[in-house]
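Below you'll find the structure, written out as structure tokens, and then a few comments.
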Amino acid sequence: MARHLAAASAPELARAFDSRRGAFALLLLALLLYGLVPAVFAGRAYWLNVMTNAALLSFASLGVWVTFAIGRVNIGQGAFALIGGYTTALLATVLHWPFWLCLPVSAVVAGGVGFLIGWPLLRLRGIYFAMVTLSLTEATRLFFLNTIRDNGGGVLNIPRPPELATPLAFYLFAATLLLLGCAGVWRLANSRIGWVFRSMRENEELAMSIGIDITRYRILAFVICSAMGGVTGGCFALLQQNIYPATYTIADSINFLLYCFLGGLEFVLGPIVGAFGLVLTFELLRSIQEFQALLYGVLMIVVMLFLPNGLLSLGAVLRRGRGGGR
Amino acid sequence: MEQVIINGAILSANYALIALGITLIFGIMNVLNFAHGQLFMIGGLVVYWISAVVGLPYGVGVAAATLSVGLIGMAMERGLFARVMAEAGREENAMLLAVGTAFLLENAALYLFGEKQRGIPPMVQGVYRLGAAFLPANRLVVFLISVALVIAVLVFVHFTRTGRAMRALAQDRTATTLMGVDAGRISMLGFGLGAALAGIAGALLISVTGVNAGVGAAISTKAFIMIMIGGAGVIGGALLGALALGFAEAVGYALFPGSVTYLIIFVALIVFLLVRPQGIMGRPWG
């Protein structure tokens, strides 16, 4: 009996520990985003812009992370960024809606498309899902290319609200968005729904057999992902003040995956570490322009070969190494 | 009408080489080779380098392209995939490793060959007329070589010892190893053969459409469409997929302006997958 109790309370303990560690990690992230970055890069518009980029890319990758959580490789986030971006761009330029109204609408439109498309597509698994979402990215690009006649399918001169006129203001907005997204996804991953997601990743049939409505949950995950992609697209449209069909291609959809993977798929912070890591590496390698992209590729393969569970697993690998386990 | 049929047949024969290659790799290794389009691109650029820059005959270029891309494929299997798959915790790892490799190959090609569109003059001059349709002699040669290669690969896979070992490995890795097949060696050969087929396809097509360093992603996407139509990991399915895509493209380009064709193909593909998620000949969740 005593053993039984101990066994039952072990996950509870682990979760309490996890939640304290999670809160600590979020606090650290907030300190970095609100304290360190503005302090270091204050007045340097270029670098603030780089950090804004990284924060927005992290936000979209967090969405992809949610679909990784249900065991699907989603190469369609570029499509939803494009849908959200065009929603914001068209509402702001044609109907002259304020940005703060466009952004939630972008999330709803992208999420809605995710719902409609996800319902049938999520029946596919493994490489089929990966390939069909990859096709979705390309199909969405071709859709906007063929439906919007002016400027080669682009929407230009998207007005920025006065609150976001300076690079610092835009950065703080992106950082806030990222923190909220991270807190939300972290909360989700540690809730009952998070455990349902994990059970579906391990074995969908088994999850179904214990009464989990897997169709509902996998659509939920996909809609969350799509809506986050839509918000990212809307923010980028505003940041660059234009959007083209080629703003998000298959390469961008793949990059969102790589950020998640590089940081580590087991960690909510994974996509954030991955996105900031890769974006900063890219900027730092700019000094050796000629070999930059080549080194970037080598770097990626090296990390995959030696840290297959992502950068955040480095701690665990080192601990195991010190313990003489390997 | 005749023109559409001729164009469709030529496209299908070329696509069949690409689809066969990616299917061999997927069947044997269970890896979706994202770098397949990049291997195609390298095959084309090697031919360009040998025949237009060095000045050797086209045949030498094709042989060199086949050999070098095949070796790249074997090196990928030995150095990257075999290692990662031996200890990867999640199956996504191999897929993402392939993405990383695609990125690396594309950038290496950009650095070595530049970003220009490269082409070489046709191997043979002249145009045949078939009814109302035109058939350039060069395309006929490309078509015949492609068909011959597809038949050769089918014969190899079905009737040789190594080919049988490859098919066995695709069916059941453990059982095949128990039968005394050197799984590591066969995997390496299979990956090399799949890669070499992509290289040959690029080497042949550079004389028709030209190749540039950025063409990889588009070719990989086409390869994915074909194996989604036919069913992943099934050789017959790959050929059916190639036929379907080749003719869909030929019909589409005759009827619609530019990029509408592919929009329609994608929409049709998604609707098709709703009805038959595993493709025409695929095993469910193969």
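Throughout, a chain's letter reflects where its sequence line sits, starting with A, and its residues are numbered from 1.
Not counting sequence neighbours, the partners of Phe34(B) by the ring pair (Phe, Tyr, Trp, His ring centres under 6.0 Å) test are Phe224(B).
Scanning both residues, Ala139(A) and Phe266(B), for their nearest heavy atoms gives CB-CB, 3.6 Å. Between Pro277(B) and Leu124(A), the shortest heavy-atom contact is CB-CD2, 3.3 Å. Residues Arg123(A) and Leu274(B) share a closest heavy-atom pair of NH1-O, 3.2 Å. Shown here for Leu305(A) and Gly79(B), the closest heavy-atom pair between the two residues is CD2-O, 4.2 Å. Smallest separation of non-hydrogen atoms from Leu142(A) and Leu263(B): CD1-N, 3.6 Å. In terms of heavy-atom proximity, Val132(A) sits nearest to Met228(B) at N-SD, 3.8 Å.
When side chains are defined from C-beta on, Glu138(A) does not count as touching Tyr262(B), because their heavy atoms never get closer than 4.5 Å. Within the 4.5 Å cutoff, the side chain of Ile270(B) has no heavy atoms near those of the Ser135(A) side chain. A heavy-atom distance below 4.5 Å is not found between the side chains of Phe261(A) and Val99(B). You'll find the side chain of Met95(B) stays beyond 4.5 Å of the side chain of Leu257(A), heavy atoms only.
Proximity to chain B is limited to the side chain of Ala130(A), based on heavy atoms less than 4.5 angstrom apart. Both the backbone and the side chain of Thr101(B) come within contact range of chain A, each with at least one heavy atom under 4.5 Å from a heavy atom of that chain. Of the atoms belonging to Ala217(B), not a single heavy atom falls under 4.5 Å from chain A. Only the side chain of Phe306(A) comes within less than 4.5 Å of a heavy atom in chain B; its backbone stays farther off. For chain B, the nearby part of Ile75(A) is the side chain; its heavy atoms alone come within less than 4.5 Å.
Residues from residues 244-256 of chain B never place a non-hydrogen atom less than 4.5 Å from a non-hydrogen atom of chain A.
Here Leu32(B) is the residue among Leu32(B), Leu105(B), Ile225(B) with the most heavy-atom pairs under 4.5 Å with chain A.
Interatomic distance, Ile127(A) CD1 to Asn30(B) CG, rounded to the nearest 0.5 Å: 7.5 Å.
Distance alone, capped at 3.5 Å, is enough to place a donor-acceptor pair between the Tyr128(A) side chain and the Ala232(B) backbone.
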